[in-house]
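Within every chain, numbering begins at 1; the chains are lettered A, B, ... in the order of the sequence lines, protein sequences first and strands thereafter. No experiment lies behind these values; they were computed from the predicted model shown.
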Amino acid sequence: MTDLMDIAAVARLTGITSRALRFYEGRGLVAPLRTASGRRLFGRDELARLHRIITLKRAGFSLSQIEGLLNDRPVDLAPLLRAQIAVLDEQAQGLAQARAHLATALSRIDRGEPLDAATLCSLIRTGDIDMDQAKWKNVTDLYISAQAEADFADVQGALPTDFDQAAYGAQWADLTARIADALPLDPASAQAGAFYDEWQALLAPFMAVATPAMTQGLTLLYDNIGEWQAEQTPPFSADIWAFIKAVGQARQAG
DNA sequence: TTTCTCACA
DNA sequence: TGTGAGAA
């Protein structure tokens, strides 16, 4: 029962590649025995140690952190665990966002609305505006004043901690997609009015924190969609913006 | 098949 | 934090 295993057997057993096993040995994490010809042999103790390494790695610890833990070096665990919890929190947030995107997509299917791959992607993309933030800046610089930019930054910082920007973006994507499907539509119609009410309701959390410079900047930005839509894809089309403004005017007239 | 080393992402 | 290639 000396049960010594060669590297291939250990790789099969643990799912760690033989390459990685040699790498771990090189870092001093494991120290298998050697045959006379130099081949590695893993005994029971090495295997147990390896399983600990795998467990700690799954928990997200780095190899050097694992090295410290396994070698009983005095490791200050508190900051390590705090950092690890922060990483998990971040992952949880990412998962929650992904879930929100999919839930929005599912709700559309439940309403019997068609959802092709392109629409699904645009719903999901609404969540990660960072991707082309730089390009957006070229556009926004043209229409949004420095004061408004600063106001936006302040508002971002002052958002309630439980405000889910991804879900909010997804709600906008959902509403504008439904309006796009319904156009052309008589601005004085009941359906147009319903869309307008939805629009205002969705806008409410923004209006609650927006400064006049911000609303002016955004209005100017969307009044001029034609100027920049070639360079940067707008969240919704000029048609939708014109439609919403028309419904607003119809409301005031009537 | 395994070993080691060097380069690479 | 590993992987891939090449030579032994």
Where the side chain of A/Ser62 is defined as all heavy atoms beyond and including C-beta, which of B/dT2, C/dT1, B/dC6 is the nearest nucleotide?
C/dT1

A/Arg44 side chain to A/Asp3 main-chain N or O, any donor-acceptor pair under 3.5 Å?
no

When you get a sec, tell me which of B/dT1, C/dT3, C/dT1 is the closest nucleotide to the side chain of A/Arg39?
B/dT1

Separation of B/dT2 C1' from A/Leu41 CG (nearest whole Å)
12 Å

Cationic N near anionic O, under 4.0 Å, A/Glu46 to A/Arg40:
no

With a 4.0 Å cut-off on heavy atoms, is A/Ser37 in touch with a base, just the backbone sugar-phosphate, or nothing at all?
nothing

Taking only the side-chain heavy atoms of A/Arg19 (C-beta and beyond), determine which of B/dT2, C/dT1, B/dC6 contains the nearest atom.
B/dC6

Between A/Asp174 and A/Arg178, does any side-chain N to carboxylate O distance fall below 4.0 Å?
yes

Between B/dC4 atom P and A/Leu21 atom CG, what is the distance in whole Å?
13 Å

Any donor-acceptor pair under 3.5 Å between the side chain of A/Arg27 and the base of C/dT1?
no

In whole angstroms, how far is the P atom of C/dT1 from the CG atom of A/Leu63?
4 Å

At less than 4.0 Å, is any side-chain N or O atom of A/Tyr24 found next to OP1 or OP2 of C/dT1? Yes or no.
no

A/Ile16 atom CD1 is separated from C/dT3 atom P, nearest whole Å, by 9 Å

Expressed as a whole number of angstroms, how long is the span from A/Ile53:CD1 to C/dG2:P?
11 Å

Would you classify A/Arg22 as touching base, sugar-phosphate or nothing, given that sugar-phosphate means primed atoms plus P, OP1 and OP2, and contacts are heavy atoms under 4.0 Å?
base

Nearest whole angstrom, please: distance from the P of B/dT2 to the CG of A/Leu4.
16 Å

Write down the distance between CD (A/Glu25) and P (B/dT5), rounded to a whole number of angstrom.
11 Å

Could you tell me whether A/Thr17 contacts a base, only the sugar-phosphate backbone, or nothing, with contacts defined as non-hydrogen atoms closer than 4.0 Å?
sugar-phosphate

Is A/Arg251 reaching over with its side chain to a backbone N or O of A/Gly193, donor-acceptor style, under 3.5 angstrom?
yes

Is it true that A/Phe236 and A/Trp199 have ring centroids separated by less than 6.0 Å?
yes

Whole-Å distance separating the CZ atom of A/Phe23 from the P atom of B/dA7
16 Å

